[in-house]
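Everything below concerns the one structure shown next.
Order of listing sets the numbers, starting from 1, for every ligand and every atom in it. Quick note: numbers below take in every heavy atom, side chains included, and nothing from hydrogens, waters or symmetry partners.
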Amino acid sequence: MMSAIVSALHVLALALGLPAVFFRGRALKGLLDDAGLRRLFAADSVWGVAALLWLATGLLRAFGGLEKGAHFYLASSLFWTKMALFLAVVALEIWPMTTFIRWRRQHRQSQRVDTSAARALFMVNHVQLVLVLVMVFIASFMARGFGFR
Ligand code: HEM
């Protein structure tokens, strides 16, 4: 039962995370006026929740004895590929995260927000979106036992 709940939450993270990163990209491409910034911050918050949910449920599934056991995943090259891609998404998030924290503060204090980096941030966001899509395929192959010699 626990395994089913955690599995559902892991998939729910995808249902939250993918639209969130898509709409964060759209907001970055659109007009970043007051309403545009609010849309950006809303999508960014959901993206953050999804990332935490992915990590918590993923770790539980891999190492909490809920699925095939840690030895299966540690021996799977596709598990390590998936972890490398996840780390890449997290590393790529450092710049957007620090930027959006600053933008949120300036917006809250009714200061002018310098959004000149929006175009470059859109590109980073786009790479993250593609990496998440690739991870879904890697995960499905991993779960079915591919990735062993
Ligand atoms: C962007 C982040 C992630 C995405 C898109 C993702 C996607 C998925 C998907 C779609 C599945 C279901 C595979 C299937 O049953 O066909 C899955 C399963 C799984 N994921 Fe993730 N995941 C992510 C992050 C993580 C993380 C960070 C971990 C571990 C630390 C993790 C560990 C697992 C495990 C252990 C399974 C179960 C595989 C099995 O059934 O044997 N995932 N993931």
Does Lys82 put an N, O or S atom under 2.8 Å from atom 21 (Fe) of ligand 1? yes

Should you measure from each heavy atom of Glu67, which atoms of ligand 1 turn up under 4.0 Å away? 40 (O)

Considering heavy atoms of the protein only, find what lies nearest to atom 16 (O) of ligand 1 and give residue, atom and distance to 0.1 Å. Arg144 NH1, 2.8 Å

Return the residue, atom name and 0.1 Å-rounded distance of the protein heavy atom closest to atom 11 (C) of ligand 1. Ala139 CB, 3.7 Å

Where is the tightest heavy-atom contact between Arg112 and Gln106, given as atom of each residue plus distance? O-OE1, 3.9 Å

Identify the protein heavy atom lying closest to atom 37 (C) of ligand 1, giving its residue, its atom name and the separation to 0.1 Å. Arg61 CZ, 3.5 Å

Donor-acceptor pair, distance only, cut-off 3.5 Å: does the side chain of Ser76 make one with the backbone of Phe72? no

If I compare all heavy atoms of Leu53 with all of Thr57, which pair ends up nearest, and what's the gap? O-OG1, 2.6 Å

Considering non-hydrogen atoms of the protein only, which is the closest contact for atom 4 (C) of ligand 1, and what is the distance? Trp54 NE1, 3.3 Å

What part of Phe72 sits under 4.0 Å from ligand 1 if we count only heavy atoms: the side chain, the backbone, both or neither? neither

Nearest to atom 17 (C) of ligand 1, what protein heavy atom do you find, and at what distance? His10 CD2, 3.4 Å

I need the nearest protein heavy-atom contact for atom 15 (O) of ligand 1: residue, atom name and distance, please. Ala143 CB, 3.8 Å

How far is atom 41 (O) of ligand 1 from its nearest protein heavy atom, and which residue and atom is that? Lys68 NZ, 2.2 Å

Candidate list Phe148, Phe63, Phe79, test ring pair (Phe, Tyr, Trp, His ring centres under 6.0 Å), partner Tyr73, passing option: Phe79

If you measure only the distance, is there a donor-acceptor pair under 3.5 Å linking the side chains of Arg105 and Gln111? no

Check whether any side-chain N or O of Lys68 sits under 3.5 Å from a backbone N or O of Ala143 as a donor-acceptor pair, and report yes or no. yes

Quick test: of every protein heavy atom, which one is nearest to atom 26 (C) of ligand 1, and how far off is it to 0.1 Å? Met83 CE, 3.6 Å

When you measure from the side chain of Arg104 to the backbone of Phe41, do you find a donor-acceptor pair of N or O atoms at a distance under 3.5 Å? yes

Got a donor-acceptor contact below 3.5 angstrom from the Trp95 side chain to the Leu121 backbone? no

In ligand 1, which numbered atoms sit nearer than 4.0 Å to a non-hydrogen atom of Ala62? 35 (C)

